[in-house]
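Since we're looking at a predicted model, the values are computed, not measured. So that the names make sense, note that chain A is the first sequence line, chain B the second, and so on, each numbered from 1.
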There are 2 protein chains.
Amino acid sequence: MGRGKIAIQRIEKSTSRQVTFCKRRNGLVKKTRELSILCDAEVGLIVFSCTGRLYEYSNTR
Amino acid sequence: MGRGKIAIQRIEKSTSRQVTFCKRRNGLVKKTRELSILCDAEVGLIVFSCTGRLYEYSNTR
DNA sequence: ACGGCTATGTATAAAAG
DNA sequence: TCTTTTATACATAGCCG
């Protein structure tokens, strides 16, 4: 996706890594929520950034 | 995505829901792993299907 | 560094086998 | 019902301001 294809390996440039982290984390949460709703599943997602910050998502019943 | 647009709400037809669950769960795991590698983050994903089956993914350090 | 844009790659809904 | 195909929608990499 995007303007060019990227290899799946650690992004070395820290500013790029930070931007990608933010974008993909948002995308992942969205997909996780969609799976939960579409398929009536219970889900939990936990992400710790490399700087130690926590992000999480779960559906509640 | 796909041939038609779908609303984000529970898929009523159980066979369709099952197929979508399988495809989207695989996609979600892939995205989760990619985020972990690209952005050097620790991640955990847990999914319980509506039939009570457990699927999980986490990166190990 | 953030926020928006858009060309392009990827995921996937529906169909076909 | 499982797998494969294909057209289309969606996510996002690189840019620009």
Side-chain angles (χ1 to χ4, degrees):
Chain A
M1 46 210 85
R3 298 292 175 86
K5 190 173 184 173
I6 59 161
I8 301 303
Q9 56 187 267
R10 183 176 185 276
I11 297 170
E12 293 305 323
K13 197 156 171 277
S14 93
T15 58
S16 302
R17 192 169 62 243
Q18 176 58 39
V19 169
T20 295
F21 180 70
C22 181
K23 288 181 176 181
R24 282 186 172 248
R25 179 172 44 77
N26 288 337
L28 195 58
V29 166
K30 182 181 178 188
K31 290 257 182 196
T32 303
R33 180 174 48 231
E34 289 183 353
L35 180 68
S36 163
I37 295 171
L38 288 169
C39 302
D40 199 25
E42 293 187 80
V43 303
L45 174 69
I46 295 179
V47 180
F48 286 99
S49 75
C50 58
T51 60
R53 202 170 303 214
L54 168 67
Y55 303 90
E56 59 186 313
Y57 171 78
S58 69
N59 64 317
T60 51
R61 289 278 178 94
Chain B
M1 331 124 209
R3 296 293 178 83
K5 189 172 186 172
I6 58 161
I8 302 304
Q9 57 187 263
R10 184 176 185 278
I11 297 170
E12 292 305 324
K13 196 156 170 277
S14 89
T15 58
S16 303
R17 191 169 65 243
Q18 176 59 37
V19 170
T20 295
F21 179 70
C22 182
K23 287 182 174 182
R24 281 184 173 251
R25 178 171 45 76
N26 288 338
L28 195 59
V29 167
K30 183 181 178 188
K31 291 256 183 199
T32 303
R33 181 173 44 233
E34 289 182 353
L35 180 68
S36 162
I37 295 171
L38 288 169
C39 303
D40 198 25
E42 294 187 81
V43 301
L45 174 69
I46 295 180
V47 181
F48 286 99
S49 74
C50 57
T51 61
R53 203 170 302 214
L54 168 66
Y55 302 89
E56 57 185 315
Y57 172 78
S58 69
N59 65 317
T60 50
R61 290 277 178 96

Report summary line: Ranking B:Leu28 and A:Gln18 by the position along DNA chain C of their nearest nucleotide, the one closer to 5' is A:Gln18
Report summary line: By nearest-heavy-atom nucleotide on DNA chain C, the more 5' of A:Val19 and A:Ile6 is A:Val19
Please give, in whole Å, the distance from [N] [atom2] to [X] [atom1]?
| X | N | atom1 | atom2 | answer |
| --- | --- | --- | --- | --- |
| A:Asn26 | C:dG3 | CG | P | 11 Å |
| B:Lys5 | C:dA13 | NZ | P | 13 Å |
| B:Lys30 | C:dG9 | NZ | P | 14 Å |
| B:Met1 | C:dA14 | CE | P | 12 Å |
| B:Ile8 | C:dA11 | CD1 | P | 17 Å |

Query raised in the report: Checking all strands, does A:Ser16 fall into the base, sugar-phosphate, or nothing category for heavy-atom contacts under 4.0 angstrom?
Result: nothing
Mind checking the [atom1]-[atom2] spacing from [X] to [Y]? Nearest 0.5 Å is all I need.
| X | Y | atom1 | atom2 | value |
| --- | --- | --- | --- | --- |
| A:Arg25 | A:Arg53 | CZ | CZ | 9.0 Å |
| B:Asn59 | B:Glu42 | CG | CD | 6.0 Å |
| A:Thr20 | B:Glu34 | OG1 | CD | 11.5 Å |

Query raised in the report: What residue among A:Arg24, A:Gln9, A:Arg10 forms side-chain contact (heavy atoms from CB on, under 4.5 Å) with B:Leu38?
Result: A:Arg24
**Report entry** Start and end of chain A contact along DNA chain D [non-hydrogen atoms, under 4.0 Å]
**Finding:** D:dA11 to D:dG14
Query raised in the report: Could a donor-acceptor pair under 3.5 angstrom be found where the side chain of A:Arg3 meets the base of C:dT6?
Result: yes
Query raised in the report: Do the side chains of A:Val43 and A:Tyr57 get nearer than 4.5 Å, heavy atoms only?
Result: yes
Query raised in the report: Got A:Ile11 and A:Phe21 here, is their nearest side-chain heavy-atom distance under 4.5 Å?
Result: no
Query raised in the report: Considering only C:dA14, C:dA11, C:dC5, which nucleotide approaches the side chain of B:Lys23 most closely?
Result: C:dA14
